[in-house]
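These notes concern the structure reproduced below.
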There are 2 protein chains.
Amino acid sequence: MQKRITIKDIAKELNVHHSTVSRALRNDPRVNESTRDMVLAYAREHDYQTNMNAVQLRGVTNNTVALIVPNINHTFFSDIISHLTNAAYESGYIISVFQSNEDFAQEVDIINTIIKQNYAGVIASISSRTTDSKHFKLLNTFGIPLVFFDRMCDDMQTPKVLVNNYEITFEATEYLINKGYERIAHLTGPTHINVFNDRLRGYTNALVKHKHTFELNMELDEEFTIELGKQCLINLMDANEKPDAIISSSTLLTMGIALQAREFNLRIPEDLALIVFGNHLGTIVMQPQLTTISQSEYEIADLAFELLEKMITREMPIGEACTKLVNAQIIYRESC
Amino acid sequence: MQKRITIKDIAKELNVHHSTVSRALRNDPRVNESTRDMVLAYAREHDYQTNMNAVQLRGVTNNTVALIVPNINHTFFSDIISHLTNAAYESGYIISVFQSNEDFAQEVDIINTIIKQNYAGVIASISSRTTDSKHFKLLNTFGIPLVFFDRMCDDMQTPKVLVNNYEITFEATEYLINKGYERIAHLTGPTHINVFNDRLRGYTNALVKHKHTFELNMELDEEFTIELGKQCLINLMDANEKPDAIISSSTLLTMGIALQAREFNLRIPEDLALIVFGNHLGTIVMQPQLTTISQSEYEIADLAFELLEKMITREMPIGEACTKLVNAQIIYRESC
DNA sequence: TGTATATTTGCACACGTTTGTACATAAAGA
DNA sequence: TCTTTATGTACAAACGTGTGCAAATATACA
């Protein structure tokens with residue numbers, strides 16, 4: 001664990017000034033070719049690595065982009081992370097992922113770390129407990145570009161890449177209605193989050209349009225698990241009017257429902273239809289395979305990064321609103 | 001997008017020296033209480049954030065730990081990430097995740113970024129294309145603590161948290177043999193990686209012990225997908241001696257196999273037994289539910305972080321080998 | 001009042017890098 | 001030979017923060 005080698009060390013060793021070394025390393029034309037070669041050879045030989053803290057202290061931005069997600073182990077987010085990492089790498093950026101764990105305090109800490117470390121930019125989807133956007137606004141204050149995707153703070157002037165949750169949930173509900181289902185339930189997350197609110201509105205409005213009087217919306221603030229899904233179905237089937245179709249925001253919840261339906265000897269889709277948001281692989285190995293709403297993670301990732309990069313290169317101003325809608329689509333399978 | 005506020009700005013505004021502000025912000029006892037309160041109030045008011053680049057330039061380490069994984073959207077890794085993030089947060093650290101995408105060049109770039117930015121430490125699982133450990137050794141050179149988990153470079157002196165892949169695969173193979181399966185195949189990744197090599201050895205040795213002559217090992221270097229799994233089974237069933245059991249390293253592969261088995265009207269587990277590494281949720285919603293080998297991600301995450309933290313706090317020296325084995329366990333379900 | 005001690009603040013330098021400017025040397029032109 | 005220009009290198013200051021040391025002020029004690 002020797003001391004880190006610096007340009008001054010190199011300079012001393014080669015009997016030149018450290019400014020010459022600095023220029024040589026960055027291929028500045030004002031340095032003699034032989035000097036440059038000598039410096040580069042020495043640097044390579046001794047594994048010199050720029051100290052970015054010193055560089056950034058002078059105001060130069062780095063190439064690391066922070067990505068904040070509520071949960072890394074949700075298919076939707078992990079797919080986006082994966083695509084985003086690749087897209088960014090091709091443009092010369094490194095993606096660094098942070099998980100807020102649906103926790104407000106952690107989200108704030110993450111943002112503070114990002115500001116303190118001077119990241120080049122931030123792509124974020126907020127936690128379900130986030131109601132205040134002060135910490136995100138701070139990014140703008142410090143001149144760090146920010147792009148929201150999926151879940152966002154609606155009071156912020158910044159680019160947003162969103163899914164057309166309202167339209168697709170409307171469409172899904174209508175699809176179930178047209179299939180003859182009478183009592184459609186809707187399971188989703190806290191509706192102060194745009195995503196869940198849009199889905200709720202799509203669901204409700206479709207019911208209204210078709211004059212359905214049965215409306216059963218469950219807004220869950222707990223962690224979505226298979227167990228919770230089982231319990232949900234138990235509760236639902238305990239009521240007077242039992243649903244014959246469920247649109248759900250969570251794959252885990254829906255898996256639990258499907259497992260519990262077997263226990264109840266409910267046939268899917270005859271007795272109970274299921275539609276779920278997401279591309280979880282489990283949905284296609286189940287029997288019957290679940291009808292899902294796919295949210296085109298590729299497109300979201302590409303769009304979000306494209307917008308961020310434009311802000312980093314100052315091609316686009318920071319702190320200016322702009323919303324891109326990405327179309328989700330229903331993947332018709334066997335559960336309806 | 002105003003200029004970033006610094007301690008000098010605060011000092012000028014409050015008519016004190018910036019060193020006093022610096023001390024006040026870090027609760028140095030050598031500063032008057034009233035002065036400190038004044039400074040803290042002003043800092044809070046104006047959203048002052050320390051510039052870590054300046055701090056780190058002076059040799060102080062930060063609290064950000066880098067986590068490198070080959071693929072974020074593999075259940076094994078995303079579970080570890082999730083647990084690790086929480087464990088680290090409780091100890092006051094922030095985890096920043098990087099995906100190498102099973103690509104050597106990206107892995108090298110990530111390490112270089114980590115060195116340049118002076119992260120506090122690194123927890124890593126190497127890509128399947130990594131055969132040279134020079135970049136990881138560089139971390140030690142620069143005094144950055146490193147802990148490997150799961151996949152590692154065996155020529156490196158550094159703590160490693162590994163799964164007892166040899167023993168558990170031996171056990172799984174033996175289990176199949178005792179169940180009466182005659183022709184057991186093994187599907188895994190490139191065996192220059194310790195994980196896959198250990199599994200192969202466990203498999204082979206169990207066969208030898210029980211004098212089984214049928215041995216079919218497939219070492220795949222492509223990306224594991226459901227499609228590839230389907231193709232695998234097609235190929236396997238095309239041979240003269242068709243396997244009646246498969247131990248596989250990949251959930252996706254095995255899902256493909258299971259789906260293809262249906263096409264072939266092969267009954268699971270009667271005609272074909274399946275055991276797969278991992279905790280993917282898909283394995284428990286399938287019918288039949290798959291017997292899996294669970295690798296206790298919690299324990300791996302906790303151990304890895306514990307070791308890293310000790311190195312960060314210099315409680316443990318950097319660059320000293322030590323290997324912790326974590327016990328995997330077979331979760332017996334319906335596919336055998 | 002004067003001296004000793006405790007408390008608080010200011011000063012100056014360092015960390016590693018970049019960059020504008022000045023200096024030195026070499027080549028070219030008169 | 002002397003100026004002019006081109007080329008290469010050195011110098012010094014700056015980025016924001018932390019810290020040893022000196023200075024200043026306040027408090028205690030004789």
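Quantities reported herein were computed from a predicted structural model and do not represent experimental measurements. A, B, ... follow the sequence lines: proteins, then strands. Residue 1 opens every chain.
- The distance from atom CZ of B:R36 to atom C1' of C:dT8 is 12 Å, rounded to the nearest whole Å.
- For A:H18 and D:dT9, a side-chain-to-base donor-acceptor distance below 3.5 Å is absent, hydrogens and geometry of angles not being considered.
- Atom OH of B:Y298 is surrounded by 12 or fewer heavy atoms from other residues, nucleotides or ligands within 6.0 Å.
- Per the geometry, CG belonging to A:N32 stands 18 Å off P belonging to D:dA6, to the nearest Å.
- Taking atom NE2 on B:H17 and atom C1' on C:dA12, their separation rounds to 8 Å, with Å as the unit.
- Residue-to-nucleotide contacts include a donor-acceptor pair under 3.5 Å from the side chain of B:R23 to the base of C:dG10.
- Atom pair B:K8:NZ and D:dG18:P shows a separation of 12 Å (rounding to whole Å applied).
- Each of B:S22 and A:A54 was assigned the nucleotide of DNA chain D with the nearest heavy atom; the assignment lying further toward the 5' end belongs to A:A54.
- Across the protein-nucleic acid pair, A:N53 atom CG and D:dC15 atom P stand 17 Å apart, rounded to whole Å.
- Across the protein-nucleic acid pair, B:K116 atom NZ and C:dG16 atom P stand 16 Å apart, rounded to whole Å.
- Comparing C:dT17, C:dT21, D:dG20 by their closest approach to the side chain of A:R58 singles out C:dT17.
- Considering A:V31, A:D37, A:T35 in turn, A:D37 is the only one that fulfils the side chain to side chain contact (heavy atoms under 4.5 Å, CB included) rule with A:E33.
- Using a 4.0 Å heavy-atom distance criterion, A:V60 is classed as making no nucleic acid contact.
- In this model, the phosphate group of C:dT19 is approached by a side-chain N or O of A:R26 to a distance below 4.0 Å at OP1 or OP2.
- The residues B:R151 and B:E102 are annotated as salt-bridged, a charged nitrogen and a carboxylate oxygen being separated by less than 4.0 angstrom.
- Side chain A:S19 to base D:dC11: a donor-acceptor pair is found below 3.5 Å.
- In the set D:dG16, C:dC11, C:dT18, D:dG16 carries the atom at the smallest distance from any side-chain atom of A:L57.
- A sub-4.0 Å separation between OP1 or OP2 of D:dC15 and a side-chain N or O of B:T6 is absent.
- Aromatic rings of B:H83 and B:F305 (six-membered ring for Trp) have centroids beyond the 6.0 Å cut-off, not under it.
- In terms of phosphate contacts, B:Y48 brings no side-chain nitrogen or oxygen within less than 4.0 Å of OP1 or OP2 of D:dG16.
- Look at A:D221 and A:R129 and you find a salt bridge, because one of the NZ, NE, NH1 or NH2 atoms lies within 4.0 Å of a carboxylate O, short of that distance.
- Side-chain proximity of A:T35 to C:dT17, D:dG8, D:dA10: nearest is D:dG8.
- Contact check, A:T20 against D:dA10: a side-chain N or O comes under 4.0 Å of OP1 or OP2.
- Going from atom CG of A:N62 over to atom C1' of C:dG16 covers 16 Å, rounded to whole Å.
- One atom, CD of B:E33, and another, P of C:dT8, lie 9 Å apart when rounded to the nearest Å.
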